[in-house]
Amino acid sequence: MPIHNADIIRIFEEIADLLEIQQANTFRIRAYRNAARTLQSMDKDVAVLVEQHADLTQLPTIGKDLAAKIEEIVHTGQCQALTKLRQQLPASLPELLKIPGLGPKRVHALYHELDIHTPEQLLRAARDGRILALHGFGQKTVDALVRSIESHIRQKPRLKLAEAAHYAKPLAHYLQQHPGVDEVTIAGSYRRGKDTVGDIDLLVSAADSQPVMAHFTHYDEVAKVQSSGRTRASVVLKCGLQVDLRVVAKPSFGAALHYFTGSRSHNIELRRRAQQRGLKLNEYGVFRGDTQVAGATEDSVFKAVGLPWIPPELRENQGEIAAAEAGELPNLIELRHLQGDLHAHTRASDGHASLETMAAVAKQKGLRYLAITEHSQRLTVTHGLNAEQLRRQIDQINALNDTLEGITLLKGIEVDILEDGSLDLPDEVLGQLDLVIAAIHSKFHLSRQLQTERIIRAMQRPHFSILAHPTGRLLEQRDAYDVDMPRVIREARQRGCYLELNAHPERLDLLDTHCRMAKAEGVLISINSDAHHPNDFDNLTYGIGQARRGWLEKEDVLNTRSLRQVKRLLTQTL
DNA sequence: GCCGTTTTCGGCCCGACTGTTTTCAGTCG
């Protein structure tokens, strides 16, 4: 069983949690967390370095001790240090740390004073008054704990980015209406374009914060005010979404925007960098001693620490700071760069509009070409097309193209990849098309090896052009199927075919990390709407966000090419 | 436990809010 970075990260985080509960030296705890972050930001498994007998202490935050622990884990799958800790403390204790309002100190007290180590025991002790008797626990704390255990047991799912937008935008608009407000920005993971968000962070620039706070907490959708101070407030909306607001004055807006956009790990890195330069970076600005030297704009903050502005989507501490330092930040793709869309449906299968409507709306959105790619016969619930129906659609599109101006329809299919890796329509039919998108819609639970080989066999079919929604995940609904994506990407490079980044907000599939891998291998990505309705072309925005998180530039994307270039690139795969 | 353009010891990211206690600890982002 190969050891992945994620395995080591889990071990280090658990060690850190247990040490925290033991009240060990905080900097020793932080060392484990820093190391976990380092592993997180690596683009390959550290196990590979171990096999090559590389010196792990060359990695930042990894010293002699942690290097030895990493080697131990890679070789044995175990870590003695963790085993020892687990003998000293119940394994369920770290779970308690996840309950809002419970940190290491309180977990320590609960365990040592009352022998509590599960949420259920905690709930019982809260209700029968035992916790109230502990030093430092008052009635309000106990009440808050009961509430958060109950909601912890329920486990709120994260919101998909598009859903979050549905709540965040009207709220931002509402805040903007207040006369004392200069500027409102939605920050946090939303601004970084993450596929799902856990809460909404809003930043407001205003000279006087108090009236804005009041305005915020009186928003009609607010169900509960969790906290509300002079510069910061936190509420829960009726839909269950938590919203944090921060109000700052203009000279601090850029620093606050940077701070509240995150990620946490990026922020820590940047503050450390400031510190190395004799500066202090916080949400109010960049300071030398007591003098503010930057902070009104994000640009000024980055400049003060010797860097160019880094786009929010890259701020994950995944190498963006080093890239910025070296002047090698990618020139990220933008929506306007897309010249076409290579995946759309009409009423002929499970779409909701005609060929004509889809073409007209695509043109109105500024696209120059649109591929019509219905489902194939196997997918009966979608009225997938058989060979004869597909031939008829080919004729229809040919005829329609003669009348269209400013946009061209491409003839395609979203053909099912069958269990054995064959395609759901015969080669001679597929050969008549401009492109063949192939997708898995069944047998999601094959083993990693079988699933990977299934996809690779499909890619080797003579007319295969693009692998649609390559991992098959549906956000918060269905996990990705188990597939060796690096191998699929290498195969795509050899075969000369392409991968889709499906822009549907429920899919956003390829993942950002895979986009980066594909870019490194020189495999072009097609950012497609998978439109089933004319409105769905707007989903391309989300695809672009995801592509930006994957460091993609205009040149890395197939459908930024002109119609002529795309046709040539698609022909190469046929 | 890590690290060094103040380098082998003495630092380590930073501030807001709440609740409990009465000057601050704990938690969170």
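Just so we're on the same page: letters track the sequence lines, and every chain starts at 1.
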ask   = Charged N to carboxylate O under 4.0 angstrom, A:K194 versus A:E316?
value = no

key: Note, A:D556 side chain near A:I525 side chain (heavy atom, < 4.5 Å)   = no

query = When the distance from CG of A:N25 to C1' of B:dG1 is rounded to whole Å, what number comes out?
reply = 8 Å

key: Sub-6.0 Å ring centroid separation between A:H266 and A:H258   = yes

ask   = Hey, are A:R10 and A:D7 close enough for a salt bridge, meaning a charged N less than 4.0 Å from a carboxylate O?
value = yes

C1' spacing across the pair B:dA16 / B:dG10, given as an integer number of angstrom = 29 Å

query = B:dC17 and B:dT21: how far apart are their P atoms, nearest whole angstrom?
reply = 22 Å

ask   = At under 4.0 Å between heavy atoms, what does A:I99 touch on the DNA or RNA strands: base, sugar-phosphate, or nothing?
value = sugar-phosphate

inquiry  = If I pick the C1' atom on B:dT7 and the same atom on B:dC3, what distance separates them, to the nearest angstrom?
reply    = 8 Å

inquiry  = If I take atom CG in residue A:L96 and atom P in nucleotide B:dC28, what distance separates them, rounded to the nearest angstrom?
reply    = 12 Å

query = So which one's nearest nucleotide on DNA chain B is more toward 5', A:I29 or A:V107?
reply = A:I29

Identify each atom pair where a protein N or O and an N or O of nucleotides 2-6 of chain B are less than 3.5 Å apart, giving names and distance.
unit_1, atom_1, unit_2, atom_2, d
B:dC2, OP1, A:G63, N, 2.7
B:dC2, OP1, A:G63, O, 3.3
B:dC2, OP1, A:L66, N, 3.1
B:dC3, OP1, A:T61, N, 2.6

note = Taking B:dG29, B:dG26, B:dG1 as options, the one with an atom nearest any side-chain atom of A:K105 is B:dG26

task = Output, in order, the C-alpha distance, side-chain angles, deciding distance and verdict of ring-ring contact (aromatic ring centres under 6.0 Å, His included) for A:H215 and A:Y174.
result = CA-CA 9 Å; A:H215 187 60; A:Y174 165 84; 4.0 Å; yes

key: Pairs involving residues 283-293 of chain A, ordered by first then second residue, that meet side chain to side chain donor-acceptor pair (under 3.5 Å) (sequence neighbours left out)   = A:R246-A:E283, A:R246-A:Y284

task = Can you tell me the distance, in whole Å, between the CZ atom of A:R272 and the P atom of B:dG11?
result = 17 Å

request  = Using whole Å, report how far CD of A:Q242 lies from P of B:dG29.
outcome  = 6 Å

request  = Would you mind reading off the distance between A:D201 atom CG and B:dG29 atom P, rounded to a whole angstrom?
outcome  = 9 Å

task = Answer yes when A:R473 and A:D509 have at least one side-chain N-carboxylate O distance shorter than 4.0 Å, and no when they do not.
result = no

request  = List the steps and the verdict of ring-ring contact (aromatic ring centres under 6.0 Å, His included) for A:H178 and A:F216.
outcome  = CA-CA 9 Å; A:H178 192 277; A:F216 174 61; over 10 Å; no

key: Euclidean distance for P, B:dT23 against B:dG29 (whole angstrom)   = 29 Å

task = Starting from P on B:dG1, measure out to CD1 on A:I8 and report it in whole angstrom.
result = 17 Å

inquiry  = Please encode protein proximity along nucleotides 14-24 of chain B as a string of B, S and -, counting only heavy-atom distances under 4.0 Å.
reply    = SBSSSSSS---

inquiry  = Whether A:R106 engages the ring of A:F137 as a cation-pi pair (distance to the six-membered ring centre under 6.0 angstrom, angle to the ring normal within 45°) should be assessed.
reply    = yes

Whole-Å gap separating P (B:dC9) and CZ (A:F27) = 19 Å

inquiry  = Between B:dT27 and B:dT20, how many Å separate the two C1' atoms, rounded to a whole number?
reply    = 14 Å

inquiry  = Give me the distance, rounded to whole Å, that separates B:dT8 from B:dC14 when you measure between the C1' atoms they each carry.
reply    = 28 Å

key: Nearest-angstrom distance, P atom, B:dC12 to B:dT6   = 15 Å

query = Hey, which of A:I116, A:L93, A:I21 is the one that makes side chain to side chain contact (heavy atoms under 4.5 Å, CB included) with A:Y111?
reply = A:L93

ask   = Over how many whole Å does the gap from A:Q22 atom CD to B:dG1 atom P extend?
value = 12 Å

key: Watson-Crick/G-U partner (both atom distances under 3.5 Å) of B:dT8   = none

